[in-house]
A.B. asks: 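The structure that follows is given in the form of structure tokens.
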Amino acid sequence: MNSVPMKFFSIYLLVFLACCSAENGSDKSKSSNSLTTEHFVMTWNAEETTSEEIEHASNFCEEIYAKTADVIGADRMPDGRINVLFRGEGMQPDGRKIPPNVDSSGQINLYRFRQGGYLDAFAHELVHAIRINRIPNWELFFEEGFASAIAAIVYPEMVGFPLFGYERSKITSYLMQQDYFISLSEMRSRHRELNPRCMLQTYIPREDFFCYLHATYGMEKLLKFSNSEKTSQIGLYDEIWGKSFSELEAEWKNYTLGLYSTKEVKKTGEEYFQKTSAKYMPICR
């Protein structure tokens with residue numbers, strides 16, 4: 001993607017913020033504030049975000065950065081600081097949800113949600129920010145799955161979307177047994193269409209699949225795949241894991257369905273959809 005290089009982007013952002021502050025004059029409540037840490041430039045509006053949230057975020061984000069570097073390798077981390085914007089509430093008055101995201105420059109945009117506050121999605125979005133301008137042939141299905149798998153490793157305490165604190169493999173097994181289950185092959189081929197509107201049915205199984213590959217075959221192979229310039233080519237699965245994508249998918253599905261009793265899975269799945277925010281999210285049928 002064409003984007004401003006990260007080391008210049010930070011300069012542009014700080015100049016922009018300075019201009020905004022000058023325009024607002026003495027009305028400090030409407031001015032943007034910024035904090036520079038070792039690896040981040042954090043920006044927020046005092047009307048939307050508290051100093052306590054930023055203090056916690058500065059420590060948390062550096063901790064997650066260090067853990068991520070330990071997993072994927074310090075040599076894969078960016079050379080400059082990453083910009084993180086705290087943009088207030090993710091749930092809008094009209095019911096719309098604005099999801100956390102990384103833009104084409106590698107800037108992380110975070111929104112606050114009741115479960116997990118600002119930071120539950122940070123580990124996932126950090127992986128995107130690290131890779132977005134470094135990986136050729138960006139393949140959306142893999143990038144989402146890889147980011148979810150790495151986030152699950154470095155921040156297993158996550159309580160927000162998509163699992164809301166429930167065990168991933170049980171919810172995956174429950175979804176597999178529903179008539180609306182979407183196979184990985186279909187997710188991969190129709191990512192742009194399905195991912196935004198069928199989020200529970202895509203994020204959870206996809207994360208579980210790549211966590212399965214990590215747990216079963218080791219991190220070395222997952223990282224070798226992620227660092228290849230051919231992540232968009234389905235033949236790379238066979239090259240790295242010695243099995244085709246469809247064979248790995250079938251293997252993962254059989255393994256997952258055999259983990260728990262049908263009764264246990266049904267009880268957990270129904271509870272998940274009744275007691276968490278998942279009940280408000282649409283299911284694609």
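Here the structure is a predicted model, which means the values were calculated and not measured.
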A.B. asks: How far apart are the closest heavy atoms of H128 and A147, and which atoms are they?
C.D. replies: CE1-CB, 3.5 Å
A.B. asks: Kindly work out whether a path of hydrophobic side-chain contacts (I/L/V/M/F/W/Y, heavy atoms less than 4.5 Å apart) joins L140 to L126.
C.D. replies: yes
A.B. asks: To the nearest 0.5 Å, what is the distance between CG (L248) and NZ (K253)?
C.D. replies: 15.0 Å
A.B. asks: Begin from the C-alpha positions of Y212 and Y255 and carry the test ring pair (Phe, Tyr, Trp, His ring centres under 6.0 Å) through to its verdict.
C.D. replies: CA-CA 9 Å; Y212 168 80; Y255 170 81; 5.3 Å; yes
A.B. asks: Decide yes or no on side chain to side chain donor-acceptor pair (under 3.5 Å) for N195 and R190, but give the supporting numbers first.
C.D. replies: CA-CA 8 Å; N195 200 62; R190 300 172 60 197; over 6 Å; no
A.B. asks: Salt bridge check, E48 against R87: does any charged N sit closer than 4.0 Å to a carboxylate O?
C.D. replies: no
A.B. asks: With clusters defined by side-chain heavy atoms of hydrophobic residues (ILVMFWY) lying less than 4.5 Å apart, directly or transitively, does V71 cluster with F209?
C.D. replies: yes
A.B. asks: For the pair D120 and E157, evaluate side-chain contact (heavy atoms from CB on, under 4.5 Å) and give the outcome as yes or no after the intermediate values.
C.D. replies: CA-CA 9 Å; D120 238 24; E157 304 89 347; over 6 Å; no
A.B. asks: Within a 6.0 Å radius of atom CZ on F181, are there more than 12 heavy atoms belonging to other residues, nucleotides or ligands?
C.D. replies: yes
A.B. asks: For a side chain to side chain donor-acceptor pair (under 3.5 Å) check, start with the C-alpha distance between S183 and S185, then their side-chain angles and the critical distance, and finish with the verdict.
C.D. replies: CA-CA 5 Å; S183 71; S185 295; 4.8 Å; no
A.B. asks: Does the gap between the ring centers of F122 and F40 come in under 6.0 Å?
C.D. replies: yes
A.B. asks: Please report the interatomic distance OG(S105) to CG(N133), rounded to the nearest 0.5 Å.
C.D. replies: 7.5 Å
A.B. asks: Just checking F141 against H191, ring centres under 6.0 Å apart?
C.D. replies: no
A.B. asks: Quick check against the 3.5 Å criterion: does E249 have a side-chain atom that pairs as donor or acceptor with the backbone of L184?
C.D. replies: yes
A.B. asks: Has the side chain of Q178 got a donor or acceptor atom that lies under 3.5 Å from a matching backbone atom of L175?
C.D. replies: no
A.B. asks: Closest approach of F164 and A278, non-hydrogen atoms and distance?
C.D. replies: CE1-N, 3.7 Å
A.B. asks: Looking at N101, is its backbone amide N or carbonyl O close enough to the side chain of D103 to form a donor-acceptor pair, meaning the two atoms are under 3.5 Å apart?
C.D. replies: no
A.B. asks: If I compare all heavy atoms of A123 with all of V154, which pair ends up nearest, and what's the gap?
C.D. replies: CB-CG2, 3.9 Å
A.B. asks: Testing the basics here: between A57 and M42, what is the closest heavy-atom pair and its distance to 0.1 Å?
C.D. replies: O-CE, 3.6 Å
A.B. asks: Contact between L163 and I204 at the side-chain level, heavy atoms closer than 4.5 Å - yes or no?
C.D. replies: yes
A.B. asks: Check whether any side-chain heavy atom of S32 sits under 4.5 Å from a side-chain heavy atom of W44, and report yes or no.
C.D. replies: no
A.B. asks: Sub-3.5 Å donor-acceptor pair from the side chain of N83 to the main-chain atoms of Q107, do we have one?
C.D. replies: no
A.B. asks: Going through the distances and angles, do E239 and Q233 end up as a side-chain contact (heavy atoms from CB on, under 4.5 Å)?
C.D. replies: CA-CA 10 Å; E239 184 178 323; Q233 299 178 23; over 6 Å; no
A.B. asks: To the nearest 0.5 angstrom, please state how far the OH atom of Y65 sits from the OG1 atom of T68.
C.D. replies: 9.0 Å
A.B. asks: Please tell me if the side chains of R285 and D179 come closer than 4.5 Å, counting only heavy atoms from C-beta onward.
C.D. replies: yes
A.B. asks: Would you say the ring centers of F161 and Y203 fall short of 6.0 Å from each other?
C.D. replies: yes
A.B. asks: State the OG-CD1 distance between S232 and I135, to the nearest 0.5 angstrom.
C.D. replies: 11.5 Å
A.B. asks: Does atom CG of D79 have more than 12 heavy-atom neighbours, drawn from other residues, nucleotides or ligands, at distances under 6.0 Å?
C.D. replies: no
A.B. asks: Got a donor-acceptor contact below 3.5 angstrom from the Q201 side chain to the I283 backbone?
C.D. replies: no
A.B. asks: Quick one: do E38 and R81 make a salt bridge, cutoff under 4.0 Å?
C.D. replies: no
A.B. asks: With side chains defined as the heavy atoms from C-beta onward, is the minimum distance between P162 and M199 less than 4.5 Å?
C.D. replies: no
A.B. asks: Between E270 and K266, is the closest basic N to carboxylate O distance under 4.0 Å?
C.D. replies: yes
A.B. asks: Would you mind reporting whether I98 and Q92 have side-chain heavy atoms less than 4.5 Å apart?
C.D. replies: yes
A.B. asks: From K230 NZ over to E139 CD, what is the distance, rounded to the nearest 0.5 angstrom?
C.D. replies: 14.0 Å
A.B. asks: Is K67 positioned over the aromatic face of Y155, cation under 6.0 angstrom from the ring centre and no more than 45 degrees off axis?
C.D. replies: no
A.B. asks: For V265 and K170, work out which heavy atoms get closest and say how close.
C.D. replies: CG1-O, 3.9 Å
A.B. asks: Does any non-hydrogen side-chain atom of E247 lie less than 4.5 Å from one of W241?
C.D. replies: no
A.B. asks: Taking the side chain as everything from C-beta on, heavy atoms only, tell me whether T231 gets closer than 4.5 Å to S226.
C.D. replies: no
A.B. asks: Hey, can you tell me if Y174 and F273 have their rings parallel, tilted or perpendicular (30° and 60° cut-offs)?
C.D. replies: tilted
A.B. asks: Go through the steps to decide whether W252 and D208 satisfy the test side-chain contact (heavy atoms from CB on, under 4.5 Å), and finish with yes or no.
C.D. replies: CA-CA 9 Å; W252 157 74; D208 195 66; 2.9 Å; yes
A.B. asks: Walk me through it: do E62 and H39 pass the test side chain to side chain donor-acceptor pair (under 3.5 Å)?
C.D. replies: CA-CA 7 Å; E62 288 293 346; H39 297 108; 2.7 Å; yes
A.B. asks: Are V84 and L119 connected, step by step, through hydrophobic side chains (Ile, Leu, Val, Met, Phe, Trp, Tyr) whose heavy atoms are closer than 4.5 Å?
C.D. replies: yes
A.B. asks: Are F225 and Y237 an aromatic pair, judged by ring center distance below 6.0 Å?
C.D. replies: yes
A.B. asks: Taking all non-hydrogen atoms of both residues, which atom of N137 and which atom of E229 are closest, and how far apart?
C.D. replies: ND2-O, 2.8 Å
A.B. asks: Side-chain heavy atoms under 4.5 angstrom apart, residues restricted to Ile, Leu, Val, Met, Phe, Trp, Tyr: same cluster for V159 and I64?
C.D. replies: no
A.B. asks: Spell out, as yes or no, whether a donor-acceptor pair under 3.5 Å connects the side chain of N33 to the backbone of N45.
C.D. replies: no
A.B. asks: Side chains of Y118 and I54: closer than 4.5 Å at any heavy-atom pair?
C.D. replies: no
A.B. asks: Between F142 and F245, does the ring centre distance come in under 6.0 Å?
C.D. replies: no
A.B. asks: Any carboxylate oxygen within less than 4.0 angstrom of a Lys/Arg side-chain nitrogen, looking at E264 and K267?
C.D. replies: no
A.B. asks: Please lay out, stage by stage, how Q177 and S173 fare under the test side chain to side chain donor-acceptor pair (under 3.5 Å).
C.D. replies: CA-CA 7 Å; Q177 296 176 51; S173 183; 3.2 Å; yes
A.B. asks: So, S169 and Y260: side-chain donor and acceptor under 3.5 Å apart, yes or no?
C.D. replies: yes
A.B. asks: If you apply the rule side-chain contact (heavy atoms from CB on, under 4.5 Å), what do you find for E144 with H124, and how did you get there?
C.D. replies: CA-CA 8 Å; E144 288 294 350; H124 179 105; 2.9 Å; yes
A.B. asks: When you check the gap from the basic side-chain N to the acidic O, do K224 and E220 get nearer than 4.0 Å?
C.D. replies: no
A.B. asks: Please answer whether the main-chain N or O of Y111 pairs with a side-chain N or O of E89 as donor and acceptor at a distance below 3.5 Å.
C.D. replies: no
A.B. asks: State the OG1-CD distance between T202 and E193, to the nearest 0.5 angstrom.
C.D. replies: 11.5 Å
A.B. asks: Flag yes if more than 12 heavy atoms outside E186 fall under 6.0 Å of its CD atom; otherwise flag no.
C.D. replies: yes
A.B. asks: Can you get from Y217 to I153 by hopping between Ile, Leu, Val, Met, Phe, Trp and Tyr side chains that sit under 4.5 Å apart?
C.D. replies: yes
